[in-house]
Amino acid sequence: MPYVGAARRFYLPQWVAFDENDKLLVNSVSEAEAHIASMQRFLTVIFAARSLAPYMVADEEYQKKRYGMLGQLINQGRSLARYQTRDIIRVIKERADAQV
(Lines give C-alpha, C1' and ligand atoms only; values in the text may rest on other atoms or scores of the structure.)
Protein backbone atom coordinates (compact mmCIF):
# COMPACT_ATOMS: atom_id res chain seq x y z
CA MET A 1 0.00 0.00 0.00
CA PRO A 2 1.34 3.47 -0.83
CA TYR A 3 0.16 4.98 2.46
CA VAL A 4 2.46 6.14 5.22
CA GLY A 5 2.92 3.75 8.11
CA ALA A 6 0.72 5.78 10.42
CA ALA A 7 -2.19 5.44 8.00
CA ARG A 8 -2.08 1.66 7.73
CA ARG A 9 -3.71 1.13 11.11
CA PHE A 10 -6.86 3.02 10.07
CA TYR A 11 -9.96 1.62 8.43
CA LEU A 12 -9.59 3.61 5.21
CA PRO A 13 -5.99 4.84 5.04
CA GLN A 14 -6.60 7.04 2.00
CA TRP A 15 -8.50 9.44 4.28
CA VAL A 16 -5.84 9.73 6.98
CA ALA A 17 -4.55 13.30 7.22
CA PHE A 18 -2.82 13.18 10.64
CA ASP A 19 -0.57 10.69 12.38
CA GLU A 20 -0.82 9.70 16.05
CA ASN A 21 1.13 12.85 17.03
CA ASP A 22 -1.20 15.17 15.10
CA LYS A 23 1.44 15.72 12.42
CA LEU A 24 -0.11 16.76 9.12
CA LEU A 25 0.42 13.98 6.56
CA VAL A 26 -1.26 15.74 3.63
CA ASN A 27 -0.25 18.92 1.80
CA SER A 28 -2.59 21.39 3.55
CA VAL A 29 -5.20 21.87 6.25
CA SER A 30 -7.85 22.26 3.56
CA GLU A 31 -6.93 18.82 2.22
CA ALA A 32 -7.27 17.42 5.75
CA GLU A 33 -10.68 19.06 6.03
CA ALA A 34 -11.66 17.48 2.70
CA HIS A 35 -10.67 14.05 4.06
CA ILE A 36 -12.89 14.59 7.10
CA ALA A 37 -15.77 15.72 4.87
CA SER A 38 -15.33 12.53 2.81
CA MET A 39 -15.52 10.40 5.95
CA GLN A 40 -18.68 12.24 7.00
CA ARG A 41 -20.24 11.56 3.58
CA PHE A 42 -19.27 7.89 3.86
CA LEU A 43 -21.06 7.66 7.20
CA THR A 44 -24.10 9.48 5.80
CA VAL A 45 -24.32 6.86 3.06
CA ILE A 46 -24.12 3.87 5.38
CA PHE A 47 -26.63 5.48 7.77
CA ALA A 48 -28.97 6.07 4.81
CA ALA A 49 -28.58 2.42 3.85
CA ARG A 50 -29.59 1.49 7.38
CA SER A 51 -32.77 3.56 7.11
CA LEU A 52 -33.65 1.90 3.80
CA ALA A 53 -32.90 -1.60 5.01
CA PRO A 54 -32.96 -1.73 8.84
CA TYR A 55 -31.91 -5.39 8.86
CA MET A 56 -28.45 -4.22 7.76
CA VAL A 57 -27.50 -3.35 11.35
CA ALA A 58 -27.32 -7.06 12.06
CA ASP A 59 -24.80 -7.52 9.26
CA GLU A 60 -21.25 -7.99 10.50
CA GLU A 61 -19.75 -6.13 7.54
CA TYR A 62 -21.99 -3.11 8.15
CA GLN A 63 -20.92 -3.00 11.81
CA LYS A 64 -17.27 -3.30 10.82
CA LYS A 65 -17.55 -0.39 8.38
CA ARG A 66 -19.57 1.73 10.81
CA TYR A 67 -17.26 1.27 13.80
CA GLY A 68 -14.12 1.53 11.70
CA MET A 69 -15.17 4.78 10.09
CA LEU A 70 -16.61 6.29 13.28
CA GLY A 71 -13.35 5.63 15.10
CA GLN A 72 -11.30 7.02 12.25
CA LEU A 73 -13.47 10.12 11.92
CA ILE A 74 -13.32 10.84 15.64
CA ASN A 75 -9.54 10.41 15.79
CA GLN A 76 -8.88 12.47 12.68
CA GLY A 77 -11.35 15.17 13.73
CA ARG A 78 -9.68 15.50 17.11
CA SER A 79 -6.28 15.68 15.46
CA LEU A 80 -7.51 18.44 13.16
CA ALA A 81 -8.90 20.38 16.13
CA ARG A 82 -5.63 20.09 18.06
CA TYR A 83 -3.61 21.04 14.97
CA GLN A 84 -5.73 24.14 14.37
CA THR A 85 -5.64 25.09 18.05
CA ARG A 86 -1.84 24.92 18.08
CA ASP A 87 -1.75 27.04 14.94
CA ILE A 88 -4.01 29.67 16.54
CA ILE A 89 -1.77 29.74 19.62
CA ARG A 90 1.31 30.10 17.41
CA VAL A 91 -0.21 33.09 15.57
CA ILE A 92 -1.21 34.75 18.86
CA LYS A 93 2.32 34.32 20.21
CA GLU A 94 3.84 35.74 17.02
CA ARG A 95 1.57 38.78 17.19
CA ALA A 96 2.30 39.28 20.89
CA ASP A 97 6.06 39.05 20.27
CA ALA A 98 5.85 41.51 17.39
CA GLN A 99 4.25 44.16 19.62
CA VAL A 100 6.94 43.96 22.29
Side-chain angles (χ1 to χ4, degrees):
M1 290 175 58
Y3 311 113
V4 293
R8 290 193 182 128
R9 64 185 179 85
F10 285 95
Y11 179 68
L12 289 171
Q14 69 269 28
W15 286 335
V16 173
F18 297 93
D19 68 8
E20 63 277 353
N21 298 316
D22 303 331
K23 180 182 173 222
L24 190 63
L25 300 174
V26 293
N27 296 323
S28 67
V29 173
S30 60
E31 190 175 343
E33 290 169 343
H35 284 353
I36 289 174
S38 293
M39 288 186 274
Q40 290 170 327
R41 282 190 299 277
F42 180 92
L43 284 168
T44 299
V45 168
I46 65 170
F47 289 149
R50 179 188 64 194
S51 67
L52 294 172
Y55 59 85
M56 287 185 66
V57 296
D59 183 62
E60 191 174 314
E61 190 63 25
Y62 171 86
Q63 292 299 333
K64 178 182 168 189
K65 289 178 181 179
R66 181 175 155 271
Y67 284 122
M69 185 51 68
L70 278 173
Q72 182 170 334
L73 177 59
I74 289 167
N75 288 332
Q76 292 292 295
R78 286 178 179 163
S79 289
L80 174 61
R82 287 188 297 262
Y83 183 88
Q84 290 175 324
T85 301
R86 279 195 303 277
D87 194 46
I88 290 168
I89 292 168
R90 180 190 55 77
V91 169
I92 291 169
K93 285 181 179 179
E94 286 175 1
R95 288 180 183 174
D97 291 343
Q99 292 180 0
V100 174

Side-chain atoms of residues 42-56: list all donor-acceptor pairs with protein atoms under 3.5 Å, sequence neighbours left out, distances to 0.1 Å.
from  : atom 1 : to    : atom 2 : distance (Å)
Thr44 : OG1    : Gln40 : O      : 2.9
Ser51 : OG     : Ala48 : O      : 2.7

Do [X] and [Y] come within less than 4.5 Å of each other through their side chains, counting heavy atoms only?
X	Y	value
Gln84	Glu33	yes
Val29	Leu80	yes
Met69	Trp15	yes

Could you measure the distance from the [atom1] atom of [X] to the [atom2] atom of [Y]? Nearest 0.5 Å is fine.
X	Y	atom1	atom2	value
Ser79	Lys23	OG	NZ	13.0 Å
Gln76	His35	CD	NE2	8.5 Å
Phe18	Leu25	CZ	CG	8.0 Å
Asn75	Asp22	CG	CG	10.0 Å

* Can Thr85 and Arg82 be counted as having a side-chain donor-acceptor contact under 3.5 angstrom? -> no
* Linked, directly or transitively: Leu70 and Val57 (ILVMFWY side chains, under 4.5 Å) -> yes
* Compare every heavy atom of Ala32 with every heavy atom of Val26, then report the nearest pair and how far apart it is. => CG2-N, 3.8 Å
* Asked: Counting N and O atoms only, with roles assigned by atom type, does the side chain of Asp59 sit under 3.5 Å from a partner on the main chain of Glu61, one being a donor and the other an acceptor?
  -> yes
* Asked: Looking at residues at least two apart in the chain, or sitting in another chain, which of them share a side-chain hydrogen bond (donor to acceptor under 3.5 Å, both in side chains) with Asp87?
  -> Arg90
* With sequence neighbours excluded, residues passing side-chain hydrogen bond (donor to acceptor under 3.5 Å, both in side chains) with Glu31 -> none
* To do: For atom OH of Tyr83, decide whether the heavy atoms of other residues, nucleotides or ligands shown that lie under 6.0 angstrom number more than 12.
  => no
* To do: Give a yes or no on this: more than 12 heavy atoms of other residues, nucleotides or ligands lie within 6.0 Å of atom CD of Glu60.
  => no
